[in-house]
Amino acid sequence: LLSTLARQALALGSGFNARYPHPWLVWEPGHRVSAPSANGVPVTTVVPVTSPSQPAQGDPLCFPLVAGANGTVRVGRAAESDIVVDDLTVSRDHLELCVDAEGWFVRVPPQSSATTLVRKMSLQPGETMRLVDGCAIVAGGVQLTFRAQGKLLPRVLEAAERMRQ
């Protein structure tokens with residue numbers, strides 16, 4: 001949770017980026033995108049508010065991006081995903097975040113039929129797109145934000161300031 005990281009930022013000061021040197025994926029609360037329609041009828045998803053694996057009101061969930069040996073972080077609703085996004089508009093194996101010598105990129109699995117937008121552009125199965133700090137990734141009806149290495153601190157300090165008020 002961002003509030004936990006905000007406390008860490010206040011305690012660590014300039015040492016925050018040294019302690020948390022990796023890129024992040026941030027699931028911001030309230031940034032939900034309408035679910036796609038089925039046969040012209042809007043589809044809405046009601047997710048239980050008691051789910052602990054969803055952002056609470058005002059407190060985003062923050063996921064450190066640490067790629068495995070294959071350079072990939074799997075994102076989806078499946079329990080075996082590296083990052084589990086517990087929302088019914090997200091497919092079990094929605095997308096992959098991959099890293100190579102040039103940086104991070106999103107890849108939509110070839111077998112996917114899920115809606116994925118990166119920087120407001122639709123990605124089709126098998127397509128990839130490079131990530132830049134602050135870019136939005138829309139998976140189903142959930143908006144995630146990519147934060148490059150060392151770039152989460154301003155967002156964390158913003159949350160820390162709100163906690164002080």
Side-chain angles (χ1 to χ4, degrees), residues 1-2 4-5 16-40 42-45 47 51-55 59-159:
L1 295 177
L2 191 62
T4 302
L5 290 171
F16 181 84
N17 283 336
R19 173 93 183 257
Y20 300 105
H22 40 267
W24 294 82
L25 193 62
V26 180
W27 181 358
E28 301 278 357
H31 284 91
R32 301 197 62 156
V33 179
S34 299
S37 63
N39 299 326
V43 175
T44 57
T45 302
V47 181
S51 175
S53 57
Q54 293 185 12
D59 198 14
L61 291 179
C62 300
F63 304 97
L65 293 180
V66 181
N70 63 356
T72 301
V73 176
R74 295 172 305 127
V75 179
R77 200 177 69 238
E80 57 274 0
S81 295
D82 299 311
I83 295 177
V84 177
V85 179
D86 189 14
D87 185 280
L88 296 176
T89 64
V90 175
S91 68
R92 294 178 54 74
D93 299 306
H94 203 102
L95 59 94
E96 297 171 336
L97 299 173
C98 308
V99 65
D100 62 16
E102 296 178 37
W104 286 87
F105 61 95
V106 173
R107 177 174 48 215
V108 176
Q111 71 281 8
S112 177
S113 62
T115 302
T116 303
L117 303 173
V118 179
R119 293 187 272 167
K120 298 181 181 180
M121 293 178 270
S122 180
L123 288 185
Q124 301 304 311
E127 286 187 322
T128 65
M129 184 175 291
R130 287 277 167 202
L131 295 174
V132 296
D133 180 58
C135 77
I137 303 166
V138 178
V142 173
Q143 182 172 322
L144 306 162
T145 304
F146 173 77
R147 291 293 172 188
Q149 182 174 348
K151 301 291 186 175
L152 183 65
L153 185 57
R155 177 65 177 94
V156 169
L157 292 176
E158 174 189 311

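Only a predicted model underlies this, so the values are computations on that prediction, with no experimental measurement involved. The analysis underlying the following values was restricted to heavy atoms, covering all of them including side chains, and did not include hydrogens, waters or symmetry mates. Position 1 is the first residue of the sequence, and the numbers go up from there.
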Check step by step if side-chain contact (heavy atoms from CB on, under 4.5 Å) holds for Leu97 and Val106. CA-CA 5 Å; Leu97 299 173; Val106 173; 3.6 Å; yes

Any side-chain heavy atom of Leu131 within less than 4.5 Å of one from Val118? yes

Parallel, tilted or perpendicular: ring planes of His22 versus Tyr20, cut at 30 and 60 degrees: perpendicular

Considering non-hydrogen atoms only, spot the tightest contact between Arg130 and Phe105 and give its length. NH1-CD2, 3.4 Å

Heavy atoms of Ala67 and Val99 approach each other most closely as CB-CG1, 3.8 Å

Going through the distances and angles, do Asp86 and Arg77 end up as a salt bridge (Lys or Arg N to Asp or Glu O under 4.0 Å)? CA-CA 5 Å; Asp86 189 14; Arg77 200 177 69 238; over 6 Å; no

Any ion pair linking Arg92 and Glu80 (charged N to carboxylate O, less than 4.0 Å)? yes

Do you know the tightest heavy-atom contact between Pro110 and Pro125? O-CB, 3.2 Å

Test Leu65 against Phe146 for side-chain contact (heavy atoms from CB on, under 4.5 Å), laying out the working first. CA-CA 9 Å; Leu65 293 180; Phe146 173 77; 3.6 Å; yes

Scanning both residues in full, the closest heavy-atom pair of Val156 with Leu5 reads CG1-O, 3.3 Å

Value for CE (Met121) from SG (Cys135), rounded to nearest 0.5 Å, stands at 9.0 Å

Should Glu127 and Val108 count as side-chain neighbours, where that means a heavy-atom distance under 4.5 Å? no

Using every non-hydrogen atom in the two residues, find where Pro64 and Trp24 come nearest and quote the distance to one decimal. N-CE3, 3.5 Å

For Val73, is there any backbone N or O sitting under 3.5 Å from a side-chain donor or acceptor partner on Glu96? no

Using 4.0 Å as the upper bound for N to carboxylate O, is an ion pair formed by Arg74 and Asp82? yes

Give the C-alpha distance, both sets of side-chain angles, the deciding distance and a yes or no for side-chain hydrogen bond (donor to acceptor under 3.5 Å, both in side chains) between Thr116 and His94. CA-CA 8 Å; Thr116 303; His94 203 102; 3.1 Å; yes

So do the side chains of Thr115 and Val138 get within less than 4.5 Å of each other, counting heavy atoms only? no

Check whether Thr89 reaches the backbone of Gly141 with its side chain - one donor and one acceptor, N or O, closer than 3.5 Å. yes

Working note: Leu25 + Thr145, criterion side-chain contact (heavy atoms from CB on, under 4.5 Å); need CA distance, chi angles, decisive distance, verdict. CA-CA 6 Å; Leu25 193 62; Thr145 304; over 6 Å; no

Hey, does Leu144 have a side-chain heavy atom less than 4.5 Å from the side chain of Val26? no

Going by salt bridge (charged side-chain N to carboxylate O under 4.0 Å, His left out), Asp133 matches just one of Lys151, Arg147, Arg155, Arg119. Which one? Arg147

Evaluate side-chain contact (heavy atoms from CB on, under 4.5 Å) for Leu123 paired with Met129, printing each intermediate quantity in order. CA-CA 8 Å; Leu123 288 185; Met129 184 175 291; 3.9 Å; yes

In this structure, which one of Asp93, Val90, Ile137, Leu95 forms a side chain to side chain contact (heavy atoms under 4.5 Å, CB included) with Val75? Leu95

